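In what follows, every chain begins at residue 1, and chains take the letters A, B, ... in the order their sequences are listed. Owing to the predicted nature of the structure, the values given are computational and were not obtained by experimental measurement. Excluded from the calculations below are hydrogen atoms, water molecules and symmetry mates; all remaining heavy atoms, backbone and side chain alike, are included.
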Amino acid sequence: MKQSFDERCYDKLRKVPKGKLTTYKDLAHTIKSQAYRAVGTAMNKNPYAPQVPCHRVIKSDGFVGGFAHGTSKKIAMLKKEGIEIKNGKVVSMQRYLYRF
DNA sequence: CGGTTGACCAAGT
DNA sequence: GACTTGGCCAACC
């Protein structure tokens with residue numbers, strides 16, 4: 001059965017555990033696509049809000065990026081999961097990145 | 001089916 | 001090191 005691009009994003013992202021992160025680029029690459037922009041668009045829709053941790057997706061630069069309910073909310077959640085964030089940027093994001 | 005848009009990225013100035 | 005530009009792909013009108 002063929003899933004839409006969006007559904008593939010959710011399926012992969014769903015595997016990211018608490019306290020870990022991934023980037024838009026990395027996520028897109030995981031589903032064999034280069035559509036990092038479309039990934040962001042998919043997250044914005046995010047119909048699987050609680051199941052899919054869309055707040056654990058950040059930019060490749062390490063900046064948190066955007067969030068449907070406000071970037072501040074996203075940051076707050078990540079901090080709660082033990083991730084250190086400074087001025088909207090994740091500190092040492094490399095150590096939090098999840099390997100698919 | 002062309003044109004616009006987006007929770008992006010990388011290279012150039 | 002801040003700012004601009006072009007490029008990427010899917011979704012929407």
Side-chain angles (χ1 to χ4, degrees):
Chain A
M1 113 183 209
K2 277 200 170 166
Q3 297 180 315
S4 68
F5 178 85
D6 293 358
E7 288 173 349
R8 273 179 287 178
C9 293
Y10 305 138
D11 186 51
K12 297 290 182 182
L13 180 55
R14 185 160 61 172
K15 298 176 187 167
V16 179
K18 171 182 173 185
K20 290 287 182 182
L21 296 174
T22 190
T23 65
Y24 297 98
K25 183 186 175 186
D26 204 38
L27 186 54
H29 201 260
T30 299
I31 61 177
K32 309 305 185 261
S33 175
Q34 302 302 118
Y36 2 90
R37 292 201 135 214
V39 172
T41 304
M43 296 303 104
N44 190 16
K45 301 175 188 173
N46 189 22
Y48 303 88
Q51 327 175 15
V52 177
C54 54
H55 60 276
R56 294 186 196 138
V57 186
I58 63 172
K59 296 198 185 185
S60 295
D61 298 9
F63 282 89
V64 175
F67 192 57
H69 298 289
T71 308
S72 322
K73 273 287 191 189
K74 182 171 177 180
I75 293 175
M77 294 171 90
L78 292 175
K79 281 191 171 181
K80 261 188 179 175
E81 299 189 353
I83 296 171
E84 189 180 0
I85 299 175
K86 185 112 179 173
N87 283 332
K89 181 176 157 65
V90 175
V91 180
S92 308
M93 72 173 255
Q94 185 69 288
R95 74 176 161 173
Y96 296 115
L97 286 179
Y98 174 71
R99 301 138 169 282
F100 285 101

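- Contacts of A:F100 classified as ring pair (Phe, Tyr, Trp, His ring centres under 6.0 Å), with partners at least two apart in sequence or in another chain: A:Y98.
- If you chain together hydrophobic residues whose side chains sit under 4.5 Å apart, A:L13 and A:L21 never meet in one group.
- For A:F5 against A:A38, the heavy-atom pair with the smallest separation is CE2-CB, 3.4 Å.
- Separating the CD1 atom of A:I31 from the P atom of C:dC8 is a distance of 18 Å, rounded to the nearest angstrom.
- The nearest whole Å value for the distance from the CG atom in A:N44 to the P atom in B:dA7 is 5 Å.
- Counting only residues at least two apart or on different chains, the ring-ring contact (aromatic ring centres under 6.0 Å, His included) pairs with a member in residues 67-87 of chain A are A:F67-A:H69.
- The side chain to side chain donor-acceptor pair (under 3.5 Å) analysis of residues 40-49 of chain A, with sequence neighbours excluded, yields the pairs A:D6-A:K45.
- Checking side-chain atoms of A:R14 against main-chain N and O of A:Q51 turns up no donor-acceptor pair under 3.5 Å.
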Hey, what are the protein-to-nucleotides 10-13 of chain B N/O distances that come in under 3.5 Å?
unit_1	atom_1	unit_2	atom_2	d
B:dA10	OP1	A:K25	NZ	2.6

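- The nearest whole Å value for the distance from the NZ atom in A:K89 to the P atom in C:dA2 is 12 Å.
- Remark: A:Y96 OH to A:K20 NZ distance equals 9.5 Å, nearest 0.5 Å.
- In this structure, the NZ atom of A:K32 is 21 Å from the P atom of C:dC8, given to the nearest Å.
- Put simply, NE2 on A:H29 is 12 Å from P on C:dC9, counting in whole angstrom units.
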Quick test: give all pairs of protein nitrogen or oxygen and nucleotides 10-13 of chain C nitrogen or oxygen below 3.5 Å, distance rounded to 0.1 Å.
unit_1	atom_1	unit_2	atom_2	d
C:dA11	O3'	A:K45	NZ	3.1

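- Residues passing the side-chain hydrogen bond (donor to acceptor under 3.5 Å, both in side chains) test with A:Q34, sequence neighbours excluded: none.
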